[in-house]
**Student:** 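Take a look at the following structure, please.
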Amino acid sequence: MRTFSQEIIEIIREIPAGKVCSYGAIAARAGNPRAARQVVRVLRACSETEGLPWWRVVNARGTISLKPGQGFEEQRDRLRAEGVMFDAAGRIDLAEHRWQPDWMEE
DNA sequence: AACCTGACTTCGG
DNA sequence: TCCGAAGCCAGGT
């Protein structure tokens, strides 16, 4: 069977350039809306080896969770390179860049 | 089978 | 809107 983590990996692979998705939304699509932290584990464990577009994953507020000097700059630059804009507070306009906003409709 | 880990999320003040 | 505390979870040890 496919593990929850494997589902997460596949979902992240589907995020198109210029779009972003939150940890929670990915977890929700993988089957458990409360397993956002598991998405973090997956990224830490295999964003490199699996060649995932890890920079397209941000937190629910539309900001980068990585800390300066710890990957923040790289993620910001990679997103900018795909046309994602940040406001003065460092927030991404989710209304425009969130991937498949219809997922979470209830 | 507990215990630990986190790049999270939600809620209350 | 911002901040801290408290939830929450799957996989590795």
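Residue numbers start from 1 in every chain, and the chains themselves are labelled A, B, ... in the order their sequence lines are given, proteins ahead of strands.
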**Student:** Report the residues that fulfil side-chain hydrogen bond (donor to acceptor under 3.5 Å, both in side chains) with A:W55, sequence neighbours left out, ordered by chain and then residue number.
**Tutor:** A:E82
**Student:** For A:E14, enumerate each residue passing the salt bridge (charged side-chain N to carboxylate O under 4.0 Å, His left out) test, keeping only those at least two apart in sequence or located in another chain.
**Tutor:** A:R29
**Student:** Which residues satisfy the salt bridge (charged side-chain N to carboxylate O under 4.0 Å, His left out) test with A:E74, sequence neighbours excluded?
**Tutor:** A:R78
**Student:** By a strict heavy-atom criterion of less than 4.0 Å, which residues belonging to residues 34-45 of chain A are in contact with DNA chain C?
**Tutor:**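 Contacts with DNA chain C under 4.0 Å: A:R34, A:A35, A:R37, A:Q38, A:R41.
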**Student:** When you compare the side chain of A:V57 with that of A:Y23, does any pair of heavy atoms fall below 4.5 Å?
**Tutor:**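 A side-chain contact under 4.5 Å exists here.
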**Student:** Contact boundaries of DNA chain B with chain A (under 4.0 Å, heavy atoms), 5' to 3'?
**Tutor:** B:dT5 to B:dT9
**Student:** Which heavy atom of A:I11 sits nearest to which heavy atom of A:I26, and what is that distance?
**Tutor:** CD1-O, 3.8 Å
**Student:** Between A:I15 and A:C21, which heavy-atom pair has the shortest distance, and what is it?
**Tutor:**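 Closest heavy-atom pair between A:I15 and A:C21: CD1-CB, 3.8 Å.
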**Student:** Is there side-chain contact between A:V20 and A:W99, with at least one heavy-atom pair below 4.5 Å?
**Tutor:**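 The answer is no, as the side chains (C-beta and beyond) never meet within the 4.5 Å cut-off.
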**Student:** Are A:L79 and A:R76 side-chain neighbours, meaning at least one heavy-atom pair lies under 4.5 Å?
**Tutor:** no
**Student:** Hey, what do you get for CD1 (A:I8) to CZ (A:R2), rounding to the nearest 0.5 Å?
**Tutor:** 12.0 Å
**Student:** Determine the minimum heavy-atom distance between A:N59 and A:I64, stating which atoms define it.
**Tutor:**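 Shortest heavy-atom contact: ND2-C, 4.2 Å.
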**Student:** Sorted by first residue and then second, give each side-chain hydrogen bond (donor to acceptor under 3.5 Å, both in side chains) pair with at least one member in residues 83-95 of chain A; sequence neighbours left out.
**Tutor:**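 Non-adjacent pairs meeting side-chain hydrogen bond (donor to acceptor under 3.5 Å, both in side chains): zero.
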**Student:** List the atom of A:A36, the atom of A:A27, and the distance in Å for their closest heavy-atom pair.
**Tutor:** N-CB, 3.7 Å
**Student:** Expressed as a whole number of Å, how far does the P atom of C:dC8 sit from that of B:dG12?
**Tutor:**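 Approximately 13 Å lies between the P atom of C:dC8 and that of B:dG12.
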**Student:** Tell me, please, the opening and closing nucleotides of DNA chain C, 5' to 3', among those with an atom under 4.0 angstrom from a non-hydrogen atom of chain A.
**Tutor:**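 Both ends considered, the range comes out as C:dC2 to C:dG12.
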**Student:** Quick one: list whatever passes salt bridge (charged side-chain N to carboxylate O under 4.0 Å, His left out) with A:R44, sequence neighbours left out.
**Tutor:** none
**Student:** Kindly state which residues belonging to residues 70-92 of chain A come within less than 4.0 angstrom of DNA chain B, counting heavy atoms of the residue only, listed by number.
**Tutor:** none
**Student:** Holding to salt bridge (charged side-chain N to carboxylate O under 4.0 Å, His left out), I want the full list of residues that pass it with A:R13, two or more places apart in sequence or in another chain.
**Tutor:** A:E50
**Student:** For DNA chain B, determine which residues of residues 54-63 of chain A have any heavy atom closer than 4.0 angstrom to one of its atoms, and list them numerically.
**Tutor:** A:W54, A:N59, A:A60
**Student:** So, using side-chain hydrogen bond (donor to acceptor under 3.5 Å, both in side chains) as the criterion, who are the partners of A:Q75 when residues are at least two apart?
**Tutor:**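 By the side-chain hydrogen bond (donor to acceptor under 3.5 Å, both in side chains) rule, A:Q75 matches no residue at all.
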